[in-house]
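Just below is one structure, and these are the notes that go with it.
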Amino acid sequence: MSESQLWHDVDDYFTAHLAQDDEALRAALRDSEAAGLPHVAVTAPQGKFLRLLAEIQGARTILEIGTLGGYSTIWLARALPEDGRLVSLEYSARNAEIAVRNIARAGLDRLVEVRVGPALESLPKLADENPAPFDLVFIDADRVNHPHYVEWALRLTRTGSLIVVDNVVRRGRVTDAASTDPEIRGVRATVELIGGHPRLSGTAIQTVSGKGHDGFALVRVHQPPGPAR
């Protein structure tokens, strides 16, 4: 058995016992695949992990950067109370259209708003609305701009909020300081921003799964430093 097949089998085992999907989730994946969307959605165990994080956090408001077909959006929105709110930002109008259908089929359209356009244009507009601080932010978009997304997440959250940044390992290539790949450079800049920022405390975890070797960063927002004495 190949290493990759073993990772798939382990995912299947955990999914069957701990992260059972349902027709809404399966349909979201089917429709995304039929529409030709890339196979980069989180796995079921990862989706369940996001939901548990949101539930542990007691999240009432969630910001997602990178909707794709809405699979992770469904997992996250299911953690929200009846009066909760999830704003998801998606670059592609076509992806957003598929996601909106998938979210509505899951009965979550009352909680979720999908906004279309480049996130670095949508985020300032969102900030101008002066929304209540988001309790959790999930960043799963183009790695080149992940440092900017973290900076915006910090502006839109509060002390105690969580930020989850996906895809920070990239099959181990994050260790290549000489890389000219814009995505690797973006990931490294994100990790270094988190590690050096006075208001952020985070760690990163490697994962292996049906999606290969990657990982995520988990970050907590702290109070601004007090004035120097």
Side-chain angles (χ1 to χ4, degrees), residues 11 14-29 31-32 40-90 95-96 98-115 119 122-123 126 131-141 149-150 152-154 156-168 200-205 207 209 211 214-221:
D11 262 356
F14 286 147
T15 297
H17 291 278
L18 301 173
Q20 295 94 341
D21 58 6
D22 53 29
E23 181 53 30
L25 287 165
R26 290 191 293 270
L29 292 178
D31 284 7
S32 297
V40 293
V42 299
T43 64
Q46 290 165 350
K48 181 67 175 291
F49 176 77
L50 290 172
R51 176 175 177 170
L52 286 170
L53 276 181
E55 290 173 343
I56 292 166
Q57 178 72 353
R60 303 182 67 85
T61 54
I62 296 174
L63 173 63
E64 179 181 51
I65 304 176
T67 318
L68 195 63
Y71 184 75
S72 58
T73 318
I74 293 170
W75 278 108
L76 285 164
R78 285 178 170 176
L80 289 172
E82 286 296 318
D83 60 347
R85 182 191 188 205
L86 190 156
V87 177
S88 189
L89 309 181
E90 172 55 42
N95 291 359
I98 295 163
V100 166
R101 289 201 303 267
N102 288 334
I103 292 162
R105 181 171 46 213
L108 296 165
D109 47 318
R110 70 192 186 284
L111 299 175
V112 178
E113 177 187 3
V114 179
R115 300 190 179 191
S122 299
L123 287 163
L126 179 60
F134 290 96
D135 301 313
L136 187 147
V137 179
F138 178 47
I139 300 173
D140 188 14
Y149 299 152
V150 170
W152 274 106
L154 186 56
L156 291 164
T157 52
R158 58 172 175 79
T159 299
S161 292
L162 294 181
I163 303 170
V164 182
V165 187
D166 205 5
N167 305 131
V168 298
L200 299 176
S201 175
T203 190
I205 303 295
T207 60
S209 70
K211 303 297 181 182
D214 213 322
F216 63 91
L218 179 62
V219 187
R220 189 173 189 270
V221 178

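The first residue in the sequence is number 1, and the count goes up from there.
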V221 versus L200: any side-chain heavy-atom pair under 4.5 Å?
yes
Rounded to the nearest 0.5 Å, how far does OG1 of T207 lie from CG of D214?
5.5 Å
For the residue pair L108 and I74, establish whether any side-chain heavy-atom pair is separated by less than 4.5 Å.
yes
For the atom pair CZ (R78) and OG1 (T73), what is the distance rounded to the nearest 0.5 Å?
11.5 Å
In plain terms, say whether R85 and E113 are close enough for a salt bridge, that is, a side-chain N and a carboxylate O under 4.0 Å apart.
yes
Going from CD on E23 to CG on L25, what distance comes out if it is rounded to the nearest 0.5 angstrom?
9.5 Å
Applying side-chain contact (heavy atoms from CB on, under 4.5 Å), name anything that partners L52, two or more places apart in sequence or on another chain.
K48, E55
Working note: F49 + F216, criterion side chain to side chain contact (heavy atoms under 4.5 Å, CB included); need CA distance, chi angles, decisive distance, verdict.
CA-CA 11 Å; F49 176 77; F216 63 91; 3.8 Å; yes
Would you say the side-chain atoms of E64 pair up with the backbone N or O of F138, donor to acceptor, closer than 3.5 Å?
no
Heavy-atom side-chain proximity of N102 to Y71 below 4.5 angstrom
no
Can a donor-acceptor pair be found, under 3.5 Å and without considering hydrogens, that links the side chain of T67 to the backbone of G70?
no
Do D83 and L111 come within less than 4.5 Å of each other through their side chains, counting heavy atoms only?
no
Check: L123 and I65 side chains under 4.5 Å, non-hydrogen atoms:
yes
Using modelled atom types and a 3.5 Å cut-off, is there a donor and acceptor pairing between side-chain atoms of Q57 and backbone atoms of D135?
yes
State, yes or no, whether a side-chain contact exists between L156 and L63 at a heavy-atom distance under 4.5 Å.
yes
Partners meeting side-chain hydrogen bond (donor to acceptor under 3.5 Å, both in side chains) with Q20 (sequence neighbours left out)
none
Straight-line distance of L76 CG to L50 CG, nearest 0.5 Å
5.0 Å
Non-neighbouring partners of R110 that pass salt bridge (Lys or Arg N to Asp or Glu O under 4.0 Å), sequence neighbours left out
E82
Under a 4.0 Å threshold between the charged nitrogen and the carboxylate oxygen, would D11 count as salt-bridged to K211?
no
Would you say S161's side chain and F134's backbone share a donor-acceptor pair under 3.5 angstrom?
yes
